[in-house]
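First comes the structure, then the notes that go with it.
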4 protein chains.
Amino acid sequence: MSDTAELPRQRHLRADASRNRERIVDAARTAFVDHGPDVPLDEIARRAGVGNATLYRHFADRKDLIQQVTLASMDRIAEEAEAALAEEEDPFQALRRFVHRAADERIGSLCPLLSEGFDKSDPEVVRMRDRLDAAILAVMESARQAGKLREDVAAGDLMVALTQLTRPLPGMMCDGIDRYVHRHLQIFLDGLQAPARSELPGSPATFEDLAQPQDGAM
Amino acid sequence: MSDTAELPRQRHLRADASRNRERIVDAARTAFVDHGPDVPLDEIARRAGVGNATLYRHFADRKDLIQQVTLASMDRIAEEAEAALAEEEDPFQALRRFVHRAADERIGSLCPLLSEGFDKSDPEVVRMRDRLDAAILAVMESARQAGKLREDVAAGDLMVALTQLTRPLPGMMCDGIDRYVHRHLQIFLDGLQAPARSELPGSPATFEDLAQPQDGAM
Amino acid sequence: MSDTAELPRQRHLRADASRNRERIVDAARTAFVDHGPDVPLDEIARRAGVGNATLYRHFADRKDLIQQVTLASMDRIAEEAEAALAEEEDPFQALRRFVHRAADERIGSLCPLLSEGFDKSDPEVVRMRDRLDAAILAVMESARQAGKLREDVAAGDLMVALTQLTRPLPGMMCDGIDRYVHRHLQIFLDGLQAPARSELPGSPATFEDLAQPQDGAM
Amino acid sequence: MSDTAELPRQRHLRADASRNRERIVDAARTAFVDHGPDVPLDEIARRAGVGNATLYRHFADRKDLIQQVTLASMDRIAEEAEAALAEEEDPFQALRRFVHRAADERIGSLCPLLSEGFDKSDPEVVRMRDRLDAAILAVMESARQAGKLREDVAAGDLMVALTQLTRPLPGMMCDGIDRYVHRHLQIFLDGLQAPARSELPGSPATFEDLAQPQDGAM
DNA sequence: TATGAATGAGTGTTCATTCAT
DNA sequence: CATGAATGAACACTCATTCAT
């Protein structure tokens with residue numbers, strides 16, 4: 001009935017069960033942001049106000065939970081990219097807006113989780129990645145067409161740098177790092193602007209590159 | 001016989017004990033880089049080829065080990081900064097060189113460790129931080145004097161961004177992230193160049209700011 | 001017998017969980033008696049027939065377990081004192097009965113545990129101590145009124161001596177010390193009888209004195 | 001102090017070695033008194049001002065050290081008994097004096113150590129026990145002959161009670177228990193005086209009984 | 001279905017004892 | 001002979017995951 005059709009894991013989910021699932025995902029994101037990726041699952045369950053076993057009813061294990069949380073985050077970020085492209089007149093300004101909004105989504109505390117044992121072959125993941133890839137590519141391509149974005153960077157470069165620059169420092173309150181995040185992103189964006197002020201080593205990293213564990217490219 | 005007067009923890013350290021200490025510190029740095037800051041200490045001991053208790057003879061606990069490893073790394077990085085300033089003609093090129101060399105030192109996998117329960121009042125730490133601060137400030141000031149470095153950034157900005165951009169993604173082979181690190185640093189450096197292409201939010205972060213847990217500045 | 005409502009730690013405790021808790025407390029008391037206060041908690045769990053983590057679900061740490069075991073023991077001993085006073089005609093005989101019954105409760109292996117890191121400010125402990133204090137005082141006062149108990153002793157004296165004389169010798173089978181316990185208590189009781197046969201050094205120790213870590217009195 | 005010829009462990013012991021041995025035994029006794037029988041051997045070595053390995057050169061293991069410390073203590077106590085008998089006119093006063101002096105020797109913190117894995121067949125132990133037995137028996141017999149000591153107690157009773165009443169409470173500073181020790185011993189001695197005020201359960205425990213691990217007697 | 005409870009495997013840390021200088 | 005160093009075997013405690021109500 002409601003538009004949960006976007007993540008139709010289980011077809012017929014009881015109303016309270018569906019609500020529990022939502023709460024767990026939200027609690028997990030918050031917990032990851034606050035205490036890092038090793039936060040006890042019991043803590044997440046506690047924050048969500050459910051028993052620990054309920055968490056396991058919805059998510060097979062920690063990896064699965066991370067997967068779902070990450071998907072939800074990617075969904076939001078893709079929306080940000082799409083909105084930025086649609087609403088901003090200046091293409092490079094759209095890129096700036098997207099980047100800063102993604103930072104506010106705490107993308108840094110979630111995307112690193114991608115790397116652990118993340119199942120990149122999961123169809124859900126593939127679908128979401130493609131969507132996000134497309135959205136970001138669109139923003140970048142628009143800026144590039146306008147001559148505002150340097151030529152030697154690709155979407156993968158942006159995502160990795162964005163992720164890294166917004167990662168919480170372990171043990172440091174999020175407010176600690178937050179003070180710097182937007183400054184550094186702004187500097188990085190300045191570096192992305194055309195004309196390029198230096199030559200980059202290596203080759204542009206596309207989104208697909210992120211999925212490949214091993215790469216000999218240089 | 002000039003002893004290693006630089007870190008005179010214990011006066012008379014037996015030759016083999018000293019060798020073990022070195023091996024543990026080395027193994028720890030490698031292990032932190034490979035598996036993150038939560039790597040089991042037993043794993044570190046195993047890599048160092050010593051028993052676990054030997055590790056505890058040299059380092060009171062995980063925090064202490066991190067402290068020592070970090071100090072060793074800061075030492076190396078300070079040297080890099082000093083050497084870059086002394087040997088490079090172009091002041092901004094000195095900054096570039098320092099940043100890329102620091103990345104090769106895996107600074108990203110060590111300095112974040114600063115944030116956890118790091119004892120910032122430790123005299124050794126204070127001394128090393130001051131030295132590193134001075135070295136980086138000298139590089140930056142030189143570049144600034146030459147009109148190559150934007151005005152609205154300070155040493156703390158550089159250190160945090162450098163740290164973040166070089167952090168290993170947990171679980172990802174180091175080679176994975178390494179592919180991007182130097183590209184991103186180069187972009188960031190481009191963003192640092194004068195003239196500034198945008199206005200930065202917040203205020204420049206000095207080295208001292210990094211030591212303060214709570215800051216209301218924005 | 002005290003009703004179980006006296007220790008309503010958790011409101012709704014599942015039947016099996018409650019049974020486990022009981023078994024752990026019992027196993028702990030036995031283990032403390034058999035192997036002293038440093039017996040591995042795993043051993044206690046093993047005796048109770050539960051996993052080690054189950055023990056930690058019920059008791060935060062060793063201190064907590066000791067606290068609970070001690071409380072249970074104090075409860076039983078207080079009952080003994082109350083019963084002795086109520087049922088024995090001869091007041092000094094009531095004292096003798098209480099002392100010997102307390103010995104059978106293995107009080108010696110538990111009350112010493114009071115001294116370590118025992119949280120004397122715990123409301124449960126305070127309440128129980130006050131109850132035990134009142135019960136013993138009543139017995140002693142009754143005997144004193146009858147002119148059977150020497151004047152220069154207080155409840156603290158009795159408790160400490162009772163505790164010491166009934167402590168198990170580490171490593172000695174309990175039966176080893178048991179052979180002597182009741183003999184020695186009987187002798188001690190004889191020494192407590194009025195008229196006093198000698199003058200005691202120091203001053204009577206009240207129950208409150210036992211709670212004070214430091215005392216200059218002599 | 002008895003001449004050192006009594007403990008001719010090693011025939012030709014270098015002067016400094018002999019001094020070290022003494023210091024270790026002394027440190028061990030103090031450490032046992034202060035921190036209980038589980039005090040780390042390194043702590044004892046530290047107090048003695050020697051390396052830990054030196055301790056192992058003199059004593060095979062913890063058990064051996066305990067054995068030697070106990071022997072030294074028994075030696076002192078035997079002397080006290082002999083001196084009391086020789087110097088006091090009133091036989092029961094001799095008993096009182098011996099008991100209080102033995103308490104000052106912290107016998108309680110050492111004799112319990114007898115029970116653990118104590119090698120009772122060690123000739124040294126047998127010899128010392130016989131000597132101590134004889135000394136105490138002499139004191140008691142003297143008092144009994146004078147009609148001052150009740151008939152139904154033996155030397156083993158006295159030693160066990162004396163040990164128990166002078167044991168330090170774990171974790172409680174020694175001064176804590178010290179306040180009570182002499183009071184309780186005095187009461188116990190009063191209970192020992194003839195005429196007996198009650199009938200004792202069981203049978204008198206001789207010194208030999210203490211050596212038997214298993215006893216069905218009652 | 002949701003839940004509290006149970007559990008075993010894992011980690012940090014200590015300590016008795018052995019080794020090498 | 002004396003010592004600092006090394007070590008493996010504990011033990012306390014945690015947590016992801018499974019079980020039973």
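Proteins get letters first, then strands, A, B, ... in listed order; numbering begins at 1 in each.
- Salt-bridge formation is not detected for the pair B:K63/B:D122: no Lys NZ or Arg NE/NH1/NH2 atom is positioned less than 4.0 Å from an Asp or Glu carboxylate oxygen.
- Residue whose closest nucleotide on DNA chain E sits further toward the 5' end, between B:L41 and C:G51: C:G51.
- Residue A:R57 is classed as a base contact, given a heavy-atom separation below 4.0 Å to a base.
- Between C:N20 and E:dA6 there is a side-chain polar atom (N or O) within less than 4.0 angstrom of OP1 or OP2.
- The shortest distance between the side-chain N/O atoms of C:H58 and the OP1/OP2 oxygens of E:dA6 is below 4.0 Å.
- Contact record, C:L41 with C:L55: O-CD1, 3.7 Å, taken as the closest heavy-atom pair.
- Remark: E:dT7 base-pairs with F:dA16. Criterion, Watson-Crick or G-U wobble with two distances under 3.5 Å.
- Contact between the side-chain N/O atoms of B:T54 and the OP1/OP2 oxygens of F:dA5 is not found at any separation under 4.0 Å.
- The D:R62 side chain lies nearest to E:dT17 when the options are E:dG12, E:dT17, F:dT18.
- Both C:D61 and B:G49 lie close to DNA chain F; mapped to their nearest nucleotides by heavy-atom distance, the more 5′-ward contact belongs to B:G49.
- Toward the 5' end of DNA chain F, the nearer of the two residues A:V39 and C:D42, judged by each one's closest nucleotide, is C:D42.
- Here the P atom of nucleotide E:dT13 and the CD1 atom of B:I44 are 11 Å apart, to the nearest Å.
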